[in-house]
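This report concerns only the one structure given below.
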Amino acid sequence: MLQFKKTLLGGIAPLLLSIALASPVIASDAHHHAHGKDHNFGAFNKDNVLLTPRGYREWVFVGAPVTPNELNDGKAAFPEFHNVYIDPTSWNHWKKTGEFRDGTVIVKELVSVGSKSAPSGNGYFAGEFNGIAAMVKDSKRFPNRPGNWAFFGFESYEAKEGAIQADEACAACHKDNAAQDMVFTQYYPVLRAAKPKK
């Protein structure tokens, strides 16, 4: 009887341990399943203006281009780093299909160029936060916008909502120069690496 108890406990203990170790994965899967593939990260006011996205730094980071003044005759249109994030649901959709789903939210966080030297050498190093911008793909809210993408600018992270940008301000450049569906995927190797091969 004593041997049976030892054997039973010896068999149960590893099983319980494996369940405990797997529980974060199970919880994570349940969380994603509960939200569903159509979960949207963009919230809007009654005029279809995007409310300031929160928690985007916990989304998927895809890149940080920088266009410094020194390389643009002192007149760079955006003389700062652009930390770019995509919402997790759209990231998962991208990995499966290589397409940006209806409901995709991409946030661009503007960060000034700070120091231009570091122990590693000379370069461009991030300074302070300057503001944020975002683009949202939504065929129902923005059926007449190029590619169904709308662009928003925000005064600060503390702002309640953004200001929708005229097509000629943002969309025109994206339409003429972006590699795929209004998104500059040519500058985001993270997106390119995750895109499924056909």
Side-chain angles (χ1 to χ4, degrees), residues 40-91 93-94 98-114 124 126-192 195:
N40 289 318
F41 284 80
F44 299 82
N45 68 14
K46 60 182 177 59
D47 297 317
N48 286 332
V49 172
L50 182 66
L51 304 183
T52 304
R54 305 296 181 190
Y56 59 82
R57 290 177 192 150
E58 297 178 17
W59 297 3
V60 178
F61 177 77
V62 298
V66 57
T67 52
N69 279 321
E70 286 86 346
L71 299 178
N72 294 277
D73 298 323
K75 300 175 182 178
F78 307 102
E80 66 266 304
F81 288 91
H82 291 170
N83 294 340
V84 180
Y85 302 83
I86 186 171
D87 74 84
T89 301
S90 298
W91 166 254
H93 184 82
W94 170 263
E99 303 291 338
F100 295 106
R101 73 183 185 104
D102 211 38
T104 297
V105 182
I106 296 175
V107 171
K108 177 172 67 176
E109 184 173 56
L110 283 56
V111 185
S112 68
V113 173
Y124 296 102
E128 302 301 323
F129 296 120
N130 282 345
I132 60 174
M135 57 188 292
V136 180
K137 184 175 183 177
D138 192 320
S139 60
K140 293 180 180 178
R141 293 180 189 276
F142 312 114
N144 300 317
R145 295 269 176 171
N148 303 133
W149 288 95
F151 294 78
F152 299 88
F154 302 82
E155 291 183 2
S156 69
Y157 186 80
E158 288 71 34
K160 182 179 178 182
E161 60 192 30
I164 195 163
Q165 305 297 295
D167 288 343
E168 56 269 21
C170 298
C173 180
H174 281 250
K175 184 177 180 181
D176 290 343
N177 301 291
Q180 181 175 339
D181 191 13
M182 305 285 284
V183 179
F184 289 102
T185 56
Q186 66 265 42
Y187 305 130
Y188 304 125
V190 172
L191 285 174
R192 297 198 307 273
K195 185 175 181 178

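The two residues Tyr157 and Gly55 have their closest heavy-atom pair at OH-N, 3.5 Å. Ala134 and Leu50 make their closest contact through CB-CD2, 3.7 Å (heavy atoms, listed as atom of the first residue, atom of the second, distance). Contact record, Tyr124 with Phe81: O-CZ, 3.2 Å, taken as the closest heavy-atom pair. Residue Pro53 comes nearest to Tyr56 through the heavy atom pair O-CD2, 3.7 Å, listed as atom of the first residue, atom of the second, then distance. Smallest separation of non-hydrogen atoms from Val111 and Gly127: CG1-N, 3.8 Å. Here the shortest heavy-atom pairing between Val49 and Phe152 reads CA-CE2, 3.8 Å.
In terms of the ring-ring contact (aromatic ring centres under 6.0 Å, His included) criterion, residue partners of Phe100 (sequence neighbours excluded) are, by chain and number, Trp94. Take Glu80 and apply the side chain to side chain donor-acceptor pair (under 3.5 Å) test, not counting sequence neighbours, and it matches His82. Applying the side chain to side chain donor-acceptor pair (under 3.5 Å) test to Gln186 and every residue at least two apart in sequence or in another chain returns nothing. Scored by the salt bridge (Lys or Arg N to Asp or Glu O under 4.0 Å) test, Arg192 finds no partners at all (sequence neighbours excluded). Every residue two or more places apart in sequence or in another chain was checked for a side-chain contact (heavy atoms from CB on, under 4.5 Å) with Asp73, and none qualifies. For Asp181, the side chain to side chain donor-acceptor pair (under 3.5 Å) partners two or more places apart in sequence, or in a different chain, are Lys137, Trp149. Applying the ring-ring contact (aromatic ring centres under 6.0 Å, His included) criterion to Phe129, with sequence neighbours excluded, gives no partner residue. Listed by chain and residue number, Asp87, Arg101, Thr104 satisfy the side chain to side chain donor-acceptor pair (under 3.5 Å) test with Ser90 (two or more places apart in sequence, or in another chain). Residues satisfying the side-chain contact (heavy atoms from CB on, under 4.5 Å) test with Ala43, not counting sequence neighbours, are Leu51.
Rounding to the nearest 0.5 Å gives a distance of 8.5 Å between NZ of Lys108 and CZ of Phe151. Considering CZ of Phe142 and CZ of Phe44, their distance stands at 4.5 Å, rounded to 0.5 Å. We find the CD1-CG distance between Ile132 and Leu110 to be 9.0 Å, quoted to the nearest 0.5 Å.
Applying the salt bridge (Lys or Arg N to Asp or Glu O under 4.0 Å) test to every pair with at least one member in residues 54-64, sequence neighbours left out, gives these pairs: Arg57-Glu109.
In this structure, the side chains of Trp91 and Leu191 come closer than 4.5 Å at one or more pairs of heavy atoms.
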N/O donor to acceptor pairs below 3.5 angstrom from side-chain atoms of residues 59-72, sequence neighbours left out:
| from | atom 1 | to | atom 2 | distance (Å) |
| --- | --- | --- | --- | --- |
| Thr67 | OG1 | Phe78 | O | 2.4 |
| Asn69 | OD1 | Ala76 | N | 3.0 |
| Glu70 | OE2 | Lys116 | NZ | 2.1 |
| Asn72 | ND2 | Pro68 | O | 2.7 |

Listed pairs under 3.5 Å, donor-acceptor, residues 164-175 side chains, sequence neighbours left out:
| from | atom 1 | to | atom 2 | distance (Å) |
| --- | --- | --- | --- | --- |
| Gln165 | NE2 | Ala163 | O | 2.7 |
| Asp167 | OD1 | Arg145 | NH1 | 2.8 |
| His174 | ND1 | Met182 | O | 2.7 |

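In terms of modelled atom types and a separation under 3.5 Å, the side chain of Thr52 and the main chain of Ala159 share a donor-acceptor contact.
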